[in-house]
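Residues: numbered from 1 along the sequence shown. Computed from heavy atoms alone, side chains included, the values below leave out hydrogens, waters and symmetry copies.
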Amino acid sequence: MGKGLFITGTGTDVGKTYITALMVKKLNDAGLSAGYYKAAISGAKSVEESDAGYVKRISGISQPDELLLSYLYEIAVSPHLAARLNGNPADINRIREDYGHVLKAYDYVTVEGSGGIVCPIRCDEGQEIFLTDIIKMLGLSAVIVADAGLGTINAAVLTAEYLKNHGIEAKGVIVNNYGGGIMQEDNIRMIEELTGLPIVALVGKGDTQLDIDIEILTALYE
């Protein structure tokens with residue numbers, strides 16, 4: 001049975017999928033058995049065009065497409081709304097079962113969230129599913145992806161507090177779009193001070209490798 005880790009972002013377009021791809025690539029390049037899973041993806045016509053397809057290409061894993069995700073919606077809105085418009089709403093039991101298949105097949109499974117941490121996956125009269133429900137059901141800890149720029153202190157602290165208030169352990173923060181400078185250095189210092197979480201990696205624009213020791217990366221999974 002493998003180990004898993006949930007990747008969430010401080011919001012949409014902070015580079016969560018890009019960072020996830022670099023994490024899976026790091027594991028795969030080290031010769032480890034690396035897998036990926038995402039419960040619901042919206043805004044793509046096919047797996048190949050989706051976030052899951054991107055992670056598969058960048059990381060170099062050979063995981064079958066059918067194991068990468070559970071629900072794919074074409075319309076580019078939140079999964080709960082996409083399901084309402086396109087049909088095929090997510091089911092918590094299927095998510096649990098699908099993740100279990102990936103966990104049996106790979107030693108290290110990186111589970112990517114949708115949007116920010118407060119993203120509804122399904123919200124109708126039949127069932128309500130939020131990302132926190134999925135994280136807790138799968139027994140995962142989380143890593144937060146945050147942008148290096150202006151506004152990131154607020155976004156990172158709110159995300160960390162939300163996870164804590166929902167009983168989910170955050171293992172650390174990965175900062176994306178890092179370029180240095182007094183503001184970004186202070187952002188990093190303040191995020192660590194206010195959240196109590198370590199910055200486990202800094203990723204610059206265009207980086208093709210995640211600058212983190214493989215032992216530190218694998219220790220995040222459980």
*Asks:* Hey, does V47 have a side-chain heavy atom less than 4.5 Å from the side chain of E66?
*Replies:* no

*Asks:* Give a yes/no verdict on a cation-pi contact between R94 and Y71, requiring under 6.0 Å between NZ or CZ and the six-membered ring centre and an angle within 45° of the axis.
*Replies:* yes

*Asks:* How long is the span from the CD atom in E161 to the CD1 atom in I117, to the nearest 0.5 Å?
*Replies:* 13.5 Å

*Asks:* If every non-hydrogen atom of L72 is compared with every non-hydrogen atom of S46, which pair is closest and at what distance?
*Replies:* CD2-C, 3.5 Å

*Asks:* Hey, is the main chain of V24 close enough, under 3.5 Å, to the side chain of S59 for a donor-acceptor pair?
*Replies:* no

*Asks:* Side-chain heavy atoms nearer than 4.5 Å, only ILVMFWY residues, links allowed to pass through others: does that put F6 and Y36 together?
*Replies:* no

*Asks:* Check each of N177, N176, T152, T10 against D147 using the side-chain hydrogen bond (donor to acceptor under 3.5 Å, both in side chains) test, and report the only one that passes.
*Replies:* N177

*Asks:* Give a yes or no on this: more than 12 heavy atoms of other residues, nucleotides or ligands lie within 6.0 Å of atom CG of N165.
*Replies:* yes

*Asks:* Is D65 paired with K56 through a side-chain N to carboxylate O contact shorter than 4.0 Å?
*Replies:* yes

*Asks:* Okay, side chain of Y73, backbone of N88: is any donor-acceptor separation there less than 3.5 Å?
*Replies:* yes

*Asks:* Could you walk me through whether L140 and I135 pass side chain to side chain contact (heavy atoms under 4.5 Å, CB included), step by step?
*Replies:* CA-CA 5 Å; L140 299 171; I135 299 170; 4.1 Å; yes

*Asks:* Rounded to the nearest 0.5 Å, what separates atom CG in L163 from atom CD in E169?
*Replies:* 10.5 Å

*Asks:* May I ask you to decide if Y54's main-chain N or O and D51's side chain share a donor-acceptor pair within less than 3.5 Å?
*Replies:* no

*Asks:* When clusters are formed by joining ILVMFWY residues with side-chain heavy atoms under 4.5 Å apart, either directly or through shared neighbours, do L22 and I216 land in the same one?
*Replies:* yes

*Asks:* Flag yes if V143 and V109 sit in one hydrophobic cluster, no otherwise; membership is Ile, Leu, Val, Met, Phe, Trp, Tyr, and two members link when side-chain heavy atoms are under 4.5 Å apart.
*Replies:* no

*Asks:* With side chains defined as the heavy atoms from C-beta onward, is the minimum distance between I214 and L27 less than 4.5 Å?
*Replies:* yes

*Asks:* Is there a path of hydrophobic side-chain contacts, each under 4.5 Å between heavy atoms of I/L/V/M/F/W/Y residues, joining I121 to V77?
*Replies:* no

*Asks:* I would like to know whether V111 and Y99 meet side chain to side chain contact (heavy atoms under 4.5 Å, CB included); could you show each step before the answer?
*Replies:* CA-CA 9 Å; V111 183; Y99 173 71; 3.4 Å; yes

*Asks:* Just checking, is any N or O donor in the side chain of Y178 or E185 under 3.5 Å from an acceptor N or O on the other one?
*Replies:* yes

*Asks:* Between the main-chain N or O of G149 and the side-chain N or O of Q184, is there a donor-acceptor pair closer than 3.5 Å?
*Replies:* no

*Asks:* Would a 4.5 Å heavy-atom cut-off, applied to side chains only, mark R96 and I134 as touching?
*Replies:* no

*Asks:* Check L69, I41, T17, V145 against E112 for a side chain to side chain contact (heavy atoms under 4.5 Å, CB included) and give me the one that passes.
*Replies:* T17

*Asks:* Can any side-chain N or O of N154 pair as donor or acceptor with the backbone N or O of G151 at less than 3.5 Å?
*Replies:* no

*Asks:* Under 4.5 Å between any side-chain heavy atoms of I191 and I199, yes or no?
*Replies:* yes

*Asks:* Give the cluster check for V175 versus L197: same hydrophobic cluster or not, with ILVMFWY residues linked at side-chain heavy-atom distances below 4.5 Å.
*Replies:* yes

*Asks:* NZ of K3 to CG of L103: how many Å apart, nearest 0.5 Å?
*Replies:* 11.0 Å

*Asks:* Would you please test S141 and L220 for side chain to side chain contact (heavy atoms under 4.5 Å, CB included) and show each step?
*Replies:* CA-CA 8 Å; S141 297; L220 298 173; over 6 Å; no

*Asks:* Please answer whether the main-chain N or O of G53 pairs with a side-chain N or O of E49 as donor and acceptor at a distance below 3.5 Å.
*Replies:* no

*Asks:* Taking all heavy atoms of D29 and all of Q209, pick out the closest pair and write down the distance.
*Replies:* OD2-OE1, 3.9 Å

*Asks:* Would a 4.5 Å heavy-atom cut-off, applied to side chains only, mark P120 and P79 as touching?
*Replies:* no

*Asks:* Rounded to the nearest 0.5 Å, what separates atom CD1 in I153 from atom CD in E193?
*Replies:* 10.0 Å

*Asks:* Is there side-chain contact between D124 and R84, with heavy atoms separated by less than 4.5 Å?
*Replies:* no

*Asks:* Between D91 (side chain) and N93 (backbone), is there a donor-acceptor pair under 3.5 Å?
*Replies:* yes

*Asks:* Ignoring hydrogens and angles, state whether a donor on the side chain of Y162 or T132 is under 3.5 Å from an acceptor on the partner side chain.
*Replies:* no

*Asks:* Please report the shortest heavy-atom distance between M23 and Y221, naming the atom on each side.
*Replies:* CE-OH, 3.8 Å

*Asks:* Output the distance between atom OH (Y18) and atom OG1 (T208), rounded to the nearest 0.5 Å.
*Replies:* 7.5 Å

*Asks:* Tell me, do V200 and V173 make a side-chain contact under 4.5 Å, heavy atoms counted?
*Replies:* no

*Asks:* Looking at every non-hydrogen atom in both residues, tell me the closest pair between A160 and T195 and how far apart they are.
*Replies:* CB-CG2, 3.9 Å

*Asks:* Measure the spacing between CG of D211 and NZ of K26 and express it to the nearest 0.5 Å.
*Replies:* 6.5 Å

*Asks:* Tell me whether E74 contacts the main-chain N or O of S42 through its side chain, where contact means a donor paired with an acceptor under 3.5 Å.
*Replies:* no

*Asks:* Is R122 reaching over with its side chain to a backbone N or O of A90, donor-acceptor style, under 3.5 angstrom?
*Replies:* yes

*Asks:* Ignoring hydrogens and angles, state whether a donor on the side chain of D98 or S70 is under 3.5 Å from an acceptor on the partner side chain.
*Replies:* yes

*Asks:* Search all heavy atoms of S114 against all heavy atoms of L131 and return the closest pair with its distance.
*Replies:* O-CD1, 3.4 Å

*Asks:* Can you find a pair of side-chain heavy atoms, one from K38 and one from L68, that are under 4.5 Å apart?
*Replies:* no

*Asks:* Got a salt bridge between E222 and K171, using NZ or NE/NH1/NH2 to carboxylate O under 4.0 Å?
*Replies:* yes

*Asks:* Run the side chain to side chain contact (heavy atoms under 4.5 Å, CB included) test on Y37 and I95 for me, step by step, so that the C-alpha distance in whole Å, both residues' side-chain angles and the decisive distance to 0.1 Å come before the verdict.
*Replies:* CA-CA 10 Å; Y37 177 72; I95 292 171; 3.6 Å; yes

*Asks:* Looking at every heavy atom in both A156 and I144, which two are closest together, and how far apart are they?
*Replies:* O-CD1, 4.5 Å

*Asks:* Distance-only, no hydrogens or angles: does the N86 side chain make a donor-acceptor pair with backbone N or O of A83 under 3.5 Å?
*Replies:* no

